[in-house]
Each structure stands twice: as C-alpha cells, then as structure tokens.
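Note that these values count all heavy atoms, side chains included, but never hydrogens, waters or copies made by symmetry. By convention in this document, chain letters (A, B, ...) are assigned in the order of the sequence lines, proteins followed by strands, and residues within each chain are numbered from 1.
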There are 2 protein chains.
Amino acid sequence: MSRAAPVFKALADPHRREILRLLRAGPRSAGEVAAALPISKATLSHHFNLLKDADLVRCEVRGQARIYALNTSVVEDVTALLLDVLGRAPARSEP
Amino acid sequence: MSRAAPVFKALADPHRREILRLLRAGPRSAGEVAAALPISKATLSHHFNLLKDADLVRCEVRGQARIYALNTSVVEDVTALLLDVLGRAPARSEP
DNA sequence: CGTCTATTTCGATAATCTTCGAAACATGTC
DNA sequence: GACATGTTTCGAAGATTATCGAAATAGACG
C-alpha cells in the first residue's frame with residue numbers, strides 16, 4: 001500500500017486537484033495542462049513532481065513532450081488510505 | 001456537498017490524521033487527545049479548529065471539558081470529494 | 001467570590017509551500 | 001553542428017502553516 005503522507009499532501013493543493021480532474025479525461029502533455037491552468041510551467045512542473053512522488057500520476061516520454069496520465073490503480077489505494085483514517089476497521093500507524 | 005479545500009487541507013497533516021484515527025475509537029476530550037500526541041495543547045487546539053472547519057469532527061461541551069467526536073456522516077462525504085478528483089467508483093467499506 | 005481544572009486565544013518564530021523568471025536540459029529537425 | 005520546441009531545474013520572494021509559552025476564557029465547586 002502507498003504511504004499516506006505524500007498522497008494527502010498532493011491532494012491538499014487546489015491546482016493539483018484540478019490537474020487530476022483534467023487527467024481523468026485522458027493523458028495530457030505538460031504543455032496542454034499548462035495551457036488549461038493559470039500558473040507558470042515551472043510551477044506546474046513542481047506540482048507534477050509532487051503528484052508523481054505520491055504515485056497519483058505516471059509520466060511517459062513521447063518525442064520531446066512528456067505525457068502525464070492518472071495512475072489507474074490509484075482510486076482503490078486512496079480509498080484504503082481514507083478508510084485507514086476515517087473508517088471503522090482497527091487503526092494502523094503510518095510510516 | 002462539503003467544500004473540498006478545507007477537507008483536503010485538514011487531511012494533509014499527519015497529526016490531524018492521527019487525531020481522526022484516535023477518534024474512530026470513540027469520542028475523546030481535548031486533554032485525552034493531547035495526552036496521546038507529542039504536541040502542546042495550544043497546537044492541538046489549532047488542529048481541532050481546522051478539523052471543525054472541515055466538518056470532520058464535532059465538539060460538545062460537557063462540564064469543563066470539550067468532547068470531540070468524528071462526524072459520522074463524513075466518510076461518504078469525503079469519498080464523494082475524492083471521486084470528484086479521481087473519478088471512479090470506490091471500493092465499498094465493510095458494513 | 002476565589003480557586004482549581006480544562007481548554008482556547010494571542011503573539012511570535014521557524015519551517016514549509018507556492019510561485020515566478022531565468023537558465024539549463026532534452027529531443028527532434030534542418 | 002545549429003537551431004527550435006517542450007519541459008525541468010535553479011534560486012529567490014512571498015505566503016501559509018505548525019508550533020510553542022504565556023495570557024485569557026469558561027465552567028465546576030467550595
């Protein structure tokens with residue numbers, strides 16, 4: 001199971017949540033995502049790094065572009081993390 | 001539906017997640033929670049405020065103590081927020 | 001009322017986070 | 001190789017956050 005801290009940290013920023021919503025519609029290049037958000041490419045790249053660290057997105061190099069995509073196995077993982085915090089099963093500590 | 005920002009912000013801090021895990025076992029006074037965490041009562045009070053703003057916990061005054069409890073309707077709400085970001089059906093929790 | 005206990009609020013500090021422009025890096029094309 | 005395009009990394013500024021001790025508030029009780 002993924003570590004909780006990077007995931008919750010990644011979800012804490014509204015721009016990063018917007019990026020994830022965009023990627024739901026399908027993979028996008030960094031430039032395409034940048035065009036849809038009111039932030040610089042440098043800032044966007046920083047957000048992508050955090051999302052990658054949390055394993056929420058995957059990156060694939062294609063030509064001179066980088067294509068980002070939602071990590072498909074992520075929903076079940078994050079739901080499990082959520083249940084670890086809010087659910088009724090016995091508590092487990094996080095790393 | 002609850003606003004997403006305060007909820008995700010509240011979940012971003014490990015101490016706050018630990019507080020929520022503690023409250024899963026049942027309501028606790030602020031002092032009881034403070035005794036279980038390595039932070040000052042002032043800091044804990046600050047965390048409780050954020051958790052209340054996010055509607056993740058409820059507070060009830062009993063005598064001179066304040067009893068905090070998990071907001072029971074919270075799991076479904078937060079799961080909905082998560083789906084708004086990640087967009088797929090969740091794994092069902094145990095009844 | 002005075003005091004004790006439980007908790008919050010205040011004020012300040014340190015750490016973390018977001019953000020940007022500029023420079024560096026990578027990759028494709030001529 | 002030279003150049004253009006897409007993206008990342010660097011370095012720094014500004015905002016937000018976590019944290020604490022001290023002071024303030026709230027309720028119980030003699």
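- Interface residues of residues 34-48 of chain B facing DNA chain C, ordered by number: B/Lys41, B/Ala42, B/Ser45; criterion, heavy-atom separation under 4.0 Å.
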Taking distance alone, no hydrogens or angles, what donor-acceptor pairs closer than 3.5 Å link side-chain atoms of residues 47-60 of chain A to residues at least two apart or in another chain?
| residue | atom | partner | partner atom | Å |
| --- | --- | --- | --- | --- |
| A/His47 | ND1 | A/Arg16 | NH1 | 3.1 |
| A/Asp55 | OD2 | A/Asn71 | ND2 | 3.3 |

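- Contact annotation for A/Ile67: no contact, since no heavy-atom pair falls under 4.0 Å across all strands.
- In this structure, of C/dT18, D/dA28, D/dG6, it is D/dG6 that holds the atom nearest to the side chain of A/Gln64.
- Distance CG (B/Asp53) to C1' (D/dT16): 15 Å, rounded to an integer number of Å.
- A straight line from NE2 of B/His15 to P of C/dT16 spans 13 Å, rounded to a whole angstrom.
- Residues A/Phe8 and A/Leu81 meet the side-chain proximity criterion, which asks for heavy atoms closer than 4.5 Å.
- In this structure, A/Glu18 atom CD and C/dT19 atom P are separated by 13 Å, rounded to whole Å.
- Note on B/Tyr68: a side-chain N or O is less than 4.0 Å away from OP1 or OP2 of C/dT8.
- B/Arg62 comes within 4.0 angstrom of no nucleic acid atom, judged by non-hydrogen atoms across all strands.
- Taking the side chain of A/Ser29 as heavy atoms from C-beta on, and the options D/dT7, D/dT8, C/dT18, the nearest nucleotide is D/dT7.
- With distances taken from any side-chain atom of A/Lys9 to the nucleotides D/dT9, C/dC17, C/dT8, the minimum falls on C/dC17.
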